[in-house]
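Below: one structure, written as C-alpha cells.
These values consider heavy atoms only, across backbone and side chains, with no hydrogens, waters or symmetry-generated copies.
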Amino acid sequence: MRLISVVLSGGAGTRLWPASRQAYPKPFMKMGGCTLLQQAIVRGQACGTGELLVVTNQDHLFLTKNVVSEINDPPQAHYLLEPKGRNTGPAIALAALQCAQQYGPEAVMLVLSADHLIPDTESFVACTMDAIDAAQQGRLVVFGIHPTAPETGFGYLEVAHVSRESQPVRRFVEKPDLPTAQEYLASGRYYWNSGMFCFTAGAILEAMERHAPRVMESARAAFATGQSAEDVTRFDVHTFGLQPDISIDYAVMEHADNVTVVPARFGWSDVGSWPAVAQSHTADASGNTLLGDVVAVETTGTHVQIESYGPKIVATVGVRDLVVVDTPDALLVAHKDSAQKVKAVVDVLKARSHETTHLPAVVNRPWGTYAALKEEEGYKVKRITVRPGQSLSLQYHHHRAEHWVVVQGIANVQVGETEYRTEPGQYRYIPLQEKHRLTNIGEEELVLIEVQCGGYLGEDDIVRLNDIYGRA
C-alpha cells in the first residue's frame, strides 16, 4: 500500500488577526514550539506516509519549503501551487489527479488540514489505521469529533448513534444555528466534521465524476495545463480560475452513499479563534495564558500574547476574559465572548486597503526576511536578514536611494558594476536608480539595517533585472 499525506494549506485565518495575515496565515503560526503546518506534516509521517503533497497558494511556496526543511527527517514533498483560492473541492480533485498519475489509483490519500492542533499523535495514528482499512475497501472516510458544546462554527455528521466504532454517515449538515446545534448535541447522533479525510485516489475521483462532474471537468482542464518542474506544479491562472469555489463536503460528501466516519479518539482543535488559542496553552492559577513579559494584576481568564522586535512589557489591571494580542504594527483588545467578530475588524481594514491585513510585521521572502522599524515622511528604516548562500534580486528603484549597514555576517554588495565585500560595521550607499544586489557570502545569517530616503517608499518601487527565484 502507498500512503500519501495530502496537506491542504490555505485560508487567511482572519479570526486570528493580527498574528495571522494573508501573506502569513494560520498554518505558519507557532504553537508548542513549531508551526501548525509542521505539526500536520509530522503527524502524517507518524502514520507511515512515504510522500507528502502540499496544496498551497503560490505566494506561500518558500514559506512552506522552509517549514519542510526544518523537520528532522524531511519527507519527499511535491507542491501544487494555487494562483488563487478555490476551496477544498478543487484542491482535493487536483491532489487526487496528481496521486493517481504518480502512484496509481490504489494509492491511499490521508487528507489533513495544515491548521489543526492534535496533541495526541499516538491516538491519531491508531485512528488513521482504521481509516486506511476502510479506504482500502472503497469507502470515503471522514474523521468525526465527539461534540463537547453546541458549536455553530462547525459542520456536523449524522450517524445512527455516536460511539467509539466506525460507522456509515447518514448525512452531512452544514454549520447550524445555536438552537439546532443544541438539538444535535442532545440527540447523541452527531459528530463535528473535522475536515480530515482518507480515501484512495481512485475512489475520490470516481465519486467526483459521479457527484460533481463540473468540478472534475474543470480540475482535469487545470491539471492538463499545469507546468511541473522538479517538485513544484504551477497552474495557468485563467484555467485554474474556471474551477468552482466549492467545498469537498458540498461537492461530494453530502451526496455519496459510501461515506464512513472514524470517531476521533484524540483531542482536536481547529484553532479557529483566540479563545481556542488560549485553550491550547496551560493557564495559570487565575486562568490566564500569558505569552511574553506580562504583568497581570487582578486579572482572570485573559490571554495576552506579545510579538515584539525587542523587550516589551504588557500590563493588565482589573480585567477578565480578554484577548490582548500585541504585534509590532497592530494591537487587538477583545472580549473572549466577541472573539468571532475579529473577522469584522479585518473586513473594515480591507475596505481601507490597510497593509496589516496582508503583510505581517516581519515579511518572509525566498532569501530571508525584512521588517519596517520606523517610517515617517521621506524615510523608512528596515531590518533585513538574508540566509547563507541566498541573494536578493538585481534591482533598482525609481523613487528612493538606500543606505546599508551590515551588523552581522558577511555580504557581497553589488552597486552598478562594482562588488564590495562588506562586513559588520561597514556601510554602502545605493544611489537613486542605480542597479544593486545583496548576497550573503558568509556561513551565518546576514543582518543589515537599511535606511530608505525618497519621495515614495512603497514596496512596489522595485524593478527586478535578474532574480534567482524567477521573479524578474
- Message: Surrounding CZ of Arg320 (heavy atoms of other residues, nucleotides or ligands, distance under 6.0 Å), is the total greater than 12?
- Response: no
- Check whether more than 12 heavy atoms from other residues, nucleotides or ligands sit under 6.0 Å from atom CZ of Arg383, and answer yes or no. no
- Out of curiosity, His78 NE2 to Ser228 OG, how far, rounded to the nearest 0.5 Å? 4.5 Å
- Query: Which pair of non-hydrogen atoms, one from Val386 and one from Asn440, has the smallest distance, and what is that distance?
  - Reply: O-ND2, 2.8 Å
- Item | Pairwise distance CG(Leu392) to CD1(Ile468) - rounded to 0.5 angstrom | 9.0 Å
- Step by step, work out the salt bridge (charged side-chain N to carboxylate O under 4.0 Å, His left out) result for Glu209 and Arg220. CA-CA 11 Å; Glu209 291 280 14; Arg220 289 190 186 280; 2.8 Å; yes
- Message: A quick test of your reading: do over 12 heavy atoms of other residues, nucleotides or ligands sit less than 6.0 Å from CZ of Arg265?
- Response: yes
- Item | Tyr191/Trp268 aromatic ring centres below 6.0 Å | no
- Item | Tyr156: which of Tyr184, Tyr190, Trp192 passes side-chain hydrogen bond (donor to acceptor under 3.5 Å, both in side chains) | Trp192
- Message: Would you say that more than 12 heavy atoms from the other residues, nucleotides or ligands in this model lie under 6.0 Å from the CD of Gln76, or not?
- Response: no
- Message: Quiz question: by atom type and distance under 3.5 Å, do the side chains of Thr88 and Ser247 form a donor-acceptor pair?
- Response: no
- Message: Around atom CG of Asp460, are there more than 12 heavy atoms from other residues, nucleotides or ligands closer than 6.0 Å?
- Response: yes
- Message: Taking side chain to side chain contact (heavy atoms under 4.5 Å, CB included) as the criterion, tell me which of Lys343, Gln340, Lys341 meets it with Ser273.
- Response: Gln340
- Item | Least distance between heavy atoms, Ala256 atom then Leu140 atom | CB-CD1, 3.9 Å
- Query: Taking all non-hydrogen atoms of both residues, which atom of Pro168 and which atom of Val159 are closest, and how far apart?
  - Reply: O-CG1, 3.7 Å
- Anything under 30° is parallel, anything over 60° is perpendicular, the rest tilted; go ahead and classify Phe28 against His60. perpendicular
- Message: On a heavy-atom basis, which atom in Leu205 and which in Ala96 lie closest, and how many Å separate them?
- Response: CD2-CB, 3.6 Å
- Message: Counting only heavy atoms not in Gln182 (residues, nucleotides, ligands), do more than 12 fall under 6.0 Å from its CD?
- Response: yes
- Is the closest basic N to carboxylate O distance between Glu459 and Lys382 below 4.0 Å? yes
- If we ignore angles and hydrogens, is there a donor and acceptor under 3.5 Å between the side chains of Tyr79 and Arg234? no
- Message: If you compare all heavy atoms of Asn288 against all heavy atoms of Gly301, which two are closest, and at what distance to 0.1 Å?
- Response: OD1-N, 3.0 Å
